[in-house]
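Worksheet: one structure, shown below.
Lettering of chains follows the sequences in order, A, B, ..., and the numbering in each one begins at 1.
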Amino acid sequence: MSYKIIFFGTSEFSVPSLKALLDDDRFEVVAVITKPDAPIGRHQVVTPPPVKVLAQEHQVPVLQFDKIKTDETFEKLSASDNRVDAFVVVSYGKIIPQRILDLPKHGVINVHGSLLPLWRGASCVQAAIAAGDKKTGVTIMQMDAEMDHGNILTQKEVLISQTETGGELHDRLAELGAQTLPDVLSDYLAGKLKGQPQNHEQATYCKLLSRDDGKIDWTKSAEEIERLVRAYHPWPGTWTEWDGKRVKIIKIANGKYKELIGEIGILVMQDDRLLVVCGDGHAVEILELQPEGKRVMTSQEYIAGHKLIS
RNA sequence: CGCGGGGUAGAGCAGUUGGCAGCUCGCCAGGCCCAUAACCUGGAGGCCGUGGGUUCAAGUCCCACCCCCGCAA
């Protein structure tokens, strides 16, 4: 007898968790709820969320709701053939109302990419790196109506390396969550595991990121800027403007910040290297960048083509 | 057809009003040096994205198409 589960998820972060449940005999995923297909990319091609693709490969029914707060959505989810043991929510992308959270017999379980109560919100992975945290992790919790606020079932920690990007950490945490989820969910549904309340006073929050958030504020310290570039790679990316053109900053040398006199935020070519003076009087060295309309290139490549001009 | 930038040597770029295709780096050879990624000399390497058109002459002007990228989502 396997537990019946409905899975809510949308982004890449949720894919490993869904896969883990699909591949585990203890669970039967009876439906997958995901956001509607959306126009994406340069040519606005309507594309299904990655979770939908995986679900369809496993012949699992997929439901996509424009709005989850409507009566219609509620009725579909409360239909008799959708009576399940639990909902599992991983990076779904929408706030789920209380009356839907109340539907499953044993509530709603969530996988979150931080050590709650730290970094509640949508950009927990980037936030941990940008803040210079030494460690982070995943939390598996009982969802309630407030964002990332519910009782904790278990947490797994990982160390953040000095060179780790947001993308790399994202993938590691997605896998860690997926590895942890099945056993925790099974124990919870069997009544062997109780949730523990979070220490709400220690909560920190992070917002949903957009590309504008990746604009570099060169008045910050060199160290903060290096962390931000690393945290925001590849999403939402970091950028600045030189000579009226947008330039993405892909990679900055870690841990080598020399004092340098010069105008803050202006590109300096020195000894075949690209330096930018930051707000604390130290310079970051840019290793990889991408001018508007061009491919990603190394600083050496950039210098080769711009030496004479400047 | 959502808006915009771009395709020229292995890489990054320049190429004026159409008139022999260049620069920086890299590569190869030689030289200098105790030595070198430094310096000097020489060299190789190009269907100028593809196809048409205008012209005595097209990287350059016109048309179509392909590909890459920034914004946007």
In whole angstroms, how far is the [atom2] atom of [N] from the [atom1] atom of [X]?
X	N	atom1	atom2	value
A/Lys215	B/rA72	NZ	P	12 Å
A/Asp243	B/rG5	CG	C1'	15 Å
A/Gln44	B/rC71	CD	C1'	11 Å
A/His43	B/rC66	NE2	C1'	12 Å
A/Trp235	B/rG70	CH2	C1'	13 Å
A/Trp239	B/rG4	CH2	P	19 Å
A/Arg211	B/rC69	CZ	P	12 Å
A/Leu274	B/rC13	CG	P	13 Å

[N] and [M]: how far apart are their [atom1] atoms, nearest whole angstrom?
N	M	atom1	answer
B/rG26	B/rA38	P	6 Å
B/rG6	B/rG10	P	22 Å
B/rC3	B/rU60	C1'	27 Å
B/rG5	B/rA14	P	14 Å
B/rA9	B/rU24	C1'	13 Å
B/rC63	B/rC25	P	39 Å
B/rG15	B/rG7	C1'	15 Å
B/rG46	B/rA21	C1'	8 Å

Taking only residues two or more places apart in sequence or in another chain, which ones pass side chain to side chain donor-acceptor pair (under 3.5 Å) with A/Lys207?
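Here the qualifying residues are A/Asp213.
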By side chain to side chain donor-acceptor pair (under 3.5 Å) - contacts of A/Asp71 (at least two apart)
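Applying side chain to side chain donor-acceptor pair (under 3.5 Å) to A/Asp71 gives A/Arg99.
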Are any side-chain N or O atoms of A/Gln64 and backbone N or O atoms of A/Lys35, one a donor and one an acceptor, separated by less than 3.5 Å?
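Yes; at least one donor-acceptor contact below 3.5 Å.
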Which part of the nucleic acid, if any, lies within reach of A/Lys245 when heavy atoms closer than 4.0 Å are counted: base, sugar-phosphate only, or nothing?
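The residue A/Lys245 makes no contact with any strand.
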Record whether the side chain of A/Arg42 comes under 3.5 Å of the base of B/rG2 through a donor-acceptor pair of N or O atoms.
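Answer is no: no donor-acceptor pair is held.
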Map A/Gly293 and A/Arg246 onto RNA chain B by nearest heavy atom, then report which one ends up closer to the 5' terminus.
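It is A/Gly293, whose closest nucleotide lies nearer the 5' terminus.
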Under a 3.5 Å cut-off for both distances, is [N] Watson-Crick or wobble paired, and to whom?
N	answer
B/rU60	none
B/rG70	B/rC3
B/rC65	B/rG49

Salt-bridge contact A/Arg227-A/Glu223 (side-chain N to carboxylate O under 4.0 Å)
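Between A/Glu223 and A/Arg227 there is a salt bridge, with a charged N closer than 4.0 Å to a carboxylate O.
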So does A/Lys245 pair up with A/Asp243, basic N to acidic O under 4.0 Å?
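No, this pair does not count.
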What N/O pairs connect the protein and nucleotides 10-12 of chain B at under 3.5 Å? Give each pair on its own line.
residue, atom, partner, partner atom, Å
B/rA11, O2', A/Glu301, OE2, 2.8
B/rG12, O2', A/Glu301, O, 2.6
B/rG12, O2', A/Gly305, N, 3.3
B/rG12, N2, A/Ala304, O, 2.9

Kindly compute the distance separating NZ (A/Lys215) from CZ (A/Arg246), expressed to the nearest 0.5 Å.
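These two atoms lie 8.0 Å from each other.
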Angle class for the A/Tyr188/A/His106 ring planes (parallel below 30°, perpendicular above 60°, tilted otherwise)?
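Judged by the thresholds at 30° and 60°, the geometry between A/Tyr188 and A/His106 is perpendicular.
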Ring-plane angle category for A/Phe13 and A/His170, please: parallel below 30°, perpendicular beyond 60°, tilted otherwise.
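Ring orientation of A/Phe13 relative to A/His170: perpendicular.
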